[in-house]
Amino acid sequence: MKHALITGITGQDGAYLAKFLLNKGYKVFGTYRRLSTPNFWRLQYLGIFDQVELLPVDLLDSFSIIESIKISKPDEIYNLAAQSFVGASFEQPLASAEITGLGVVKFLESIRNIAPDVKFYQASTSEMFGDNQFTEQSEETIFDPSSPYAAAKLYAHNMVKIYRKAYGLFACNGILFNHESPLRGLEFVTRKITNAVAKISLGLEDHIELGNIDAKRDWGFAPEYVEAMWLMLQQKSPDDYVIATNETHTIKEFLEVAFDFVGLDWEKHIKIDERFMRPVDVRYLRGNFQKSKSDLGWEPKTRFNDLAEIMLKSDIERWDNWSNGKHFAWDAWNYPNEKKILSRKLKLDR
Ligand code: NAP
Ligand code: G4F
């Protein structure tokens with residue numbers, strides 16, 4: 001039986017990947033951080049909490065990383081753990097660099113020393129392209145990061161390539177464009193919208209505050225993207241791949257689809273709040289996944305409107321159930337209104 005070690009198993013991708021690998025017959029180990037309140041809701045939501053082995057690891061702590069490799073004896077490591085929120089990286093650039101950048105090198109060094117035959121997947125990102133001018137982005141497009149998060153990811157991305165060349169490690173970078181689902185964190189814009197639209201449609205809220213709604217993203221469906229991670233590690237030799245849909249849409253378009261679904265006019269329920277504007281934003285992303293299609297046989301299936309509908313239906317159902325007194329594993333019921341969160345770094349007026 002193959003062993004997989006997933007860092008960040010409590011996150012969106014970690015939970016879907018764990019389910020995917022369990023279905024393939026893997027023994028799945030996942031790392032989690034000690035928090036004052038446990039957050040295993042995604043694993044519970046997918047009904048797999050009892051089927052995974054948990055290991056306490058913080059990417060700030062090299063010894064916990066080494067220990068997790070020794071205990072799990074993995075054939076494959078999927079490094080999904082990161083400070084993954086671009087907005088927060090402007091507020092905590094150092095923590096983002098330590099976790100999202102240096103944390104990866106701690107893993108690579110550990111593998112080089114104690115498990116050089118392990119296959120390693122690194123969660124790279126389309127954010128590394130930055131505020132670029134290209135009509136689409138592929139593996140050949142130049143990187144020009146626009147946030148502390150993207151800069152940390154680019155450092156990690158380059159270190160994966162260096163360890164591959166210098167030490168022959170089987171290490172791949174998946175350059176994934178945005179991917180969403182009902183398990184997406186509430187601070188990311190799609191889920192922030194579907195959660196709010198669900199509440200508005202049920203009369204629990206009146207409006208939503210957002211930042212730059214003209215930004216364009218290439219949004220796919222997360223369960224399909226975790227399959228691509230696995231496919232990368234099944235190839236004869238390691239390489240880097242773009243995973244995307246090649247469609248791009250503005251946040252406004254996402255609002256339109258989501259509000260249409262509940263028969264409301266989005267413009268009546270939106271307030272633009274400076275607090276959600278980033279000091280620098282990535283205005284446009286659209287990924288070219290042709291290399292993944294020809295080498296991995298991977299292509300996206302779920303398109304934009306369907307993705308918005310999947311997310312919205314699940315948020316409506318959850319708020320409906322909650323209002324009717326049902327209790328279940330879920331994040332939104334105790335999430336603070338983001339207005340309560342102070343000290344957002346605003347775009348500076350010059
Ligand atoms: P996510 O839901 O935010 O999950 C991030 C995971 O990292 C969580 O399990 C989190 O644990 C863990 N983590 C954070 N800091 C850590 C630390 N210091 N030590 C150990 N674990 C830590 O992110 P996601 O959407 O699943 O994304 C997975 C990965 O893909 C991330 O690396 C992200 O940057 C990258 N990525 C995501 C997308 C996307 O669109 N989703 C696109 C490209 C790349 P807690 O639960 O304890 O916070
Ligand atoms: O949903 P977002 O926060 O995702 P972002 O910044 O694109 O990052 C996500 O995708 C990356 C892949 O490209 C991952 F690497 C990363 O880990 C993460 O998963 O923001 C999307 C867009 C941005 O342009 C942002 O400025 O939406 C805009 N936006 C407008 N109002 C907002 C809001 N974003 C958030 N989070 N909240 C708003 O109120």
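We count ligands from 1, going down the list as the structure has it; atoms in each ligand are counted the same way.
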N/O of Gly8 under 3.5 Å from N/O of ligand 1, yes or no?
yes
If you scan protein heavy atoms around atom 6 (O) of ligand 2, the nearest is Arg278 NH1, 2.6 Å
Look at the aromatic rings of Phe40 and Phe49 and report parallel, tilted or perpendicular, splitting at 30° and 60°.
tilted
In this structure, is the centre-to-centre distance between the rings of His327 and Trp333 below 6.0 Å?
no
Using distance alone, decide if ligand 1 has a nitrogen or oxygen within less than 3.5 Å of any nitrogen or oxygen in Ala82.
yes
For Phe276, the ligand 2 atoms whose distance to one of its heavy atoms is below 4.0 Å:
39 (O)
Return the residue, atom name and 0.1 Å-rounded distance of the protein heavy atom closest to atom 38 (C) of ligand 2.
Lys192 NZ, 3.8 Å
Heavy atom of the protein closest to atom 37 (N) of ligand 2 (residue, atom name, distance)
Glu187 O, 3.9 Å
In this structure, atom 10 (O) of ligand 2 is nearest to the protein heavy atom Asn178 ND2, 3.1 Å
What protein heavy atom lies closest to atom 25 (O) of ligand 1? Include the residue and the distance to one decimal.
Arg184 NH1, 3.4 Å
Applying a strict 4.0 Å limit to heavy atoms, is Thr7 in contact with ligand 1?
no
Parallel, tilted or perpendicular, judged at 30° and 60°: which one describes the rings of Phe254 and Trp219?
tilted
Tell me, which protein residue and heavy-atom name are nearest atom 8 (O) of ligand 2, and how many Å apart are they?
Val86 CG2, 3.6 Å
Check the side chains of Glu187 and Tyr335 for a donor-acceptor pair under 3.5 angstrom, ignoring hydrogens and angles.
no
Do Glu76 and Gln234 have a side chain donor and acceptor closer than 3.5 Å?
yes
Please state which part of Asp281 comes within less than 4.0 Å of ligand 2, counting heavy atoms only: side chain, backbone, both or neither.
side chain
Is the closest side-chain donor-acceptor distance between His207 and Glu205 under 3.5 Å?
no
Taking distance alone, with N or O pairs closer than 3.5 Å, would you say Lys153 contacts ligand 1?
yes
Pick one of side chain, backbone, both or neither for how Arg217 approaches ligand 2, counting any non-hydrogen atom pair under 4.0 Å.
side chain
Looking at Phe129 and Ile142, what are the two nearest heavy atoms and their distance?
CD2-O, 3.7 Å
Between Glu127 and the options Arg278, Arg217, Lys153, the salt bridge (charged side-chain N to carboxylate O under 4.0 Å, His left out) test singles out Arg217
Polar proximity ligand 1 side, Gly11 side, N/O cut 3.5 Å exclusive
yes
Looking at Tyr284, I'd like to know if the NZ or CZ of Lys216 sits under 6.0 Å from its six-membered ring centre while staying within 45 degrees of the ring's axis.
no
Which residue and heavy atom of the protein sit nearest atom 1 (P) of ligand 1, plus the separation:
Ser84 OG, 3.6 Å
What atoms in ligand 2 come closer than 4.0 Å to a heavy atom of Tyr149?
14 (C), 15 (F), 16 (C), 17 (O)
Will you find, in the side chains of Asn79 and Thr7, an N or O donor that is under 3.5 Å from an N or O acceptor?
yes
State whether a side-chain donor-acceptor pair under 3.5 Å links Ser64 with Glu67.
no
Looking only at non-hydrogen atoms, the one of Ala222, Ser84, Ser146 nearest atom 16 (C) of ligand 2 is Ser84
Using distance alone, decide if ligand 2 has a nitrogen or oxygen within less than 3.5 Å of any nitrogen or oxygen in Val189.
yes
List the closest protein heavy-atom neighbour of atom 28 (C) of ligand 2: residue, atom name, distance to the nearest 0.1 Å.
Asn212 O, 3.7 Å
Could an N or O of ligand 1 be found under 3.5 Å from any N or O of Asn79, whether backbone or side chain?
no
Closest non-hydrogen protein atom to atom 17 (C) of ligand 1, residue and atom name please, with distance?
Arg33 CD, 3.4 Å
Looking only at protein heavy atoms, which one is nearest to atom 44 (C) of ligand 1, and what is the separation?
Ser124 O, 3.3 Å
Counting only heavy atoms closer than 4.0 Å, does ligand 1 sit against the backbone of Ala222, its side chain, both, or neither?
neither
Quick one: look up the protein heavy atom nearest atom 19 (O) of ligand 2 and list residue, atom name and how far away it is.
Arg184 NH2, 2.9 Å
Check whether the side chains of Glu224 and Thr302 place a donor and an acceptor atom closer than 3.5 Å, and report yes or no.
yes
Distance flag, aromatic centroids of Trp330 and Tyr45, threshold under 6.0 Å
no
Return a yes/no value for Asn178: is any of its N or O atoms, backbone included, closer than 3.5 angstrom to an N or O of ligand 1?
no
Residue-ligand contact Gln83/ligand 2, heavy atom below 4.0 Å:
no
Nearest 0.5 Å, what's the OG1-CG distance between Thr248 and Asp218?
6.0 Å
Donor-acceptor pair between Asn132 and Gln137 side chains, under 3.5 angstrom:
yes
Any chance the side chains of Thr100 and Gln83 put a donor and an acceptor closer than 3.5 Å?
no
Give the atom numbers and elements of ligand 2 that come within less than 4.0 Å of a heavy atom of Thr125.
11 (C), 12 (C), 13 (O), 14 (C), 15 (F)
Distance only, no hydrogens: is a donor on one side chain within 3.5 Å (strictly under) of an acceptor on the other, for His3 and Ser72?
no
N or O contact, Thr10 vs ligand 1, cut-off under 3.5 Å:
yes
Please report the shortest heavy-atom distance between Asn288 and Val242, naming the atom on each side.
O-CG1, 3.3 Å
So, is Tyr149 polar-close to ligand 1, with some N/O to N/O distance under 3.5 Å?
yes
Can you tell me the protein heavy atom closest to atom 13 (O) of ligand 2 and the distance?
Ser126 OG, 2.6 Å
Can you find a side-chain donor-acceptor pair between Tyr78 and Gln122 that sits under 3.5 Å?
no
Do me a favour and list the nearest non-hydrogen protein atom to atom 2 (O) of ligand 1 with residue, atom name and distance?
Gln12 N, 3.0 Å
Candidates Tyr241, Trp230, Tyr225 - the one meeting ring pair (Phe, Tyr, Trp, His ring centres under 6.0 Å) with Trp298
Tyr225
Mind checking whether Ile251 contacts ligand 2 via backbone (N, CA, C, O), side chain (CB onward), both or neither, at a 4.0 Å heavy-atom cut-off?
side chain
Ligand 2 contact on Met277 by region, counting heavy-atom pairs under 4.0 Å
neither
Could you list the atoms of ligand 2 found under 4.0 angstrom from a heavy atom of Ala215?
24 (O)
Using heavy atoms and a threshold below 4.0 Å, how should the contact between Asn39 and ligand 1 be classified: side chain, backbone, both, or neither?
side chain
Identify the protein heavy atom lying closest to atom 42 (C) of ligand 1, giving its residue, its atom name and the separation to 0.1 Å.
His179 CE1, 3.3 Å
Can Asn212 and Asp281 be counted as having a side-chain donor-acceptor contact under 3.5 angstrom?
yes
Tell me which protein heavy atom sits closest to atom 43 (C) of ligand 1, plus the residue, atom name and distance to 0.1 Å.
Leu176 O, 3.1 Å
Among non-hydrogen protein atoms, atom 29 (C) of ligand 1 lies closest to Leu80 O, 3.1 Å
Report yes if Gly211 has an N/O atom closer than 3.5 Å to an N/O atom of ligand 2; otherwise report no.
yes
Leu59 contact mode with ligand 1 (heavy-atom cut-off under 4.0 Å)
both
